Participant: 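Structure in structure tokens, see below.
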Amino acid sequence: MKIVIWGLELTAWATAGMLAQSGNDVFIVNDTQITDPVTLMGSSISNEPGLKDLINQQFDKNNLQFIQSSSAALLSTHFISMNPAEFEHAQNTVSQIAKQGLEKVLIINQSHFGVGYTDKLQKILDIEKDQAVVYLAENISEGEALKNIRKPTSLTLGSTNEWASMMTRSLLRPFSSQLEQLLVMTPKEAEFAKLSITGMLALRIGYINELANLAEQLDVDIEVIKQSLGADPRIGHHYLAPGCGFGGNTFSQTIKGLANLLSEKRQSQLLDTVLQENEKQKEQPFRKLWRHYECDIHNLNIAIWGVSFKPGSAALDSAPSLKIISALTAQQANVHIHDPEALENIEKLYGGHPQVHTYRDKYEALNNADALLLLTEWPEYASPDCEEMKERMLTPLIIDGRNLFSKELLESLGFTYYGIGR
């Protein structure tokens, strides 16, 4: 089948790669002069595990190709995978397709524009010609994008058109081997379901962080409390990891969208509060460092392990590290950064900054460090050589923004340790 992908988000590239690998002829809309797919993807997307190799492989096989928008509009099967802020672009895209007057046009919207936006796109089309837009709630998580598409356990489809539903299920059939449930509802209900799930996850993160901050004041270890919460089958362990706040552009934008909807329709500030508190939470590692050095970190060497917004991703979107690096440099501290994937993106932001230095070796970043701030829980940080850390550091101070390390072990080895809620 010939399929057009509109958009250059991670979802667009991952969807394109997997559909091409399944034997489809997939066309990515590209009206730029860039001919190299990896360049067009950018480093934050091309560093997604397995994605760059898949895209290059499918381009080499001609299963994937670039196409200009004017030619793309002549085809009948489309995926729209755009940023939540690109709804006007999506409208123009659908209008361009509608002008062709084709029979049986299927447009699968994977974008999180908000509740009711798929219906707005549908109004541009001629339903009498079976020109249909369906909403497919993508469940892609950065770092696991290909896995999420290849073997989803559940899918939510928003459609009121029987033919469009049948075609969408047919397209997804290669990825349905482990599917436990396919939920079909109206597009508006599916959009609201997606927003609701994201909002619930944000509430859980916000709640455990609030408990962690309270635990510190009560001299209680939040890790013990977390175990108790998770042991209750009504709650479980998922998304109950206290830390220095969440990031991610799409995740944050989706929550903001739901927060705005709650505020507009219900005058509710529930998620606005979660977002505000999350921004404060991102500052926690810096505050702990600030207090430890009695408000004077001028000329200190501060090492940072992990700057991406989550492990498995090179993206810096709304990452806590950005706030902390800005705060450190504002106080004239020297920042020594290591990250397994995100150094290229950091260097683009801070390249040439006299106080910001990047290291390919995590231990080299610790040389003469007055503190280590762990901000992203990459697996390679979980079991470090503590003796080497202590030898390299000027001051054995660790501020663990993800509660990744053993507090008891580090303190027994002579480190000063601060966690979140510990």
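Residue numbers run from 1 in the order of the sequence given. Values in this document were obtained by computation on a predicted structure and should not be read as measured data.
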Participant: For the pair H336 and Y359, name the ring-plane relationship: parallel under 30°, tilted 30 to 60°, perpendicular over 60°.
Facilitator: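 Tilted: the ring planes of H336 and Y359 meet at 30° to 60°.
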Participant: Taking the six-membered ring for Trp and the single ring otherwise, decide whether the centroids of F251 and F309 are under 6.0 Å apart.
Facilitator: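 That pair fails the under 6.0 Å test.
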Participant: What residues form a side-chain hydrogen bond (donor to acceptor under 3.5 Å, both in side chains) with E142, not counting sequence neighbours?
Facilitator: S313
Participant: Can you tell me how the ring of F286 sits relative to the ring of W290, calling it parallel under 30°, perpendicular over 60° and tilted otherwise?
Facilitator: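 Plane angle under 30°, so parallel.
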Participant: Using side chain to side chain contact (heavy atoms under 4.5 Å, CB included) as the criterion, point out the one residue from L157, I149, L19, L136 that pairs with L172.
Facilitator: L136
Participant: Heavy-atom distance under 4.5 Å between the side chains of L211 and L229, does that happen here?
Facilitator: yes
Participant: Quick one: ring pair (Phe, Tyr, Trp, His ring centres under 6.0 Å) partners of F27, sequence neighbours excluded?
Facilitator: none
Participant: Is E283 close to K323 at the side-chain level, that is, under 4.5 Å between some pair of heavy atoms?
Facilitator: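 Sidechains of E283 and K323: in contact.
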Participant: With a 4.5 Å heavy-atom cut-off, do E223 and N403 have their side chains touching?
Facilitator: yes
Participant: Before we go on, tell me: are the rings of F405 and Y417 under 6.0 Å apart, centre to centre?
Facilitator: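 No: the rings miss the under 6.0 Å criterion.
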Participant: Indicate, with yes or no, if the rings of H338 and Y363 have centres closer together than 6.0 Å.
Facilitator: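 No, the ring of H338 stays outside the 6.0 Å limit from the ring of Y363, centre to centre.
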Participant: Using a 4.5 Å cut-off on heavy atoms from C-beta on, say whether the side chain of L75 contacts that of I3.
Facilitator: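 Side-chain contact under 4.5 Å: no.
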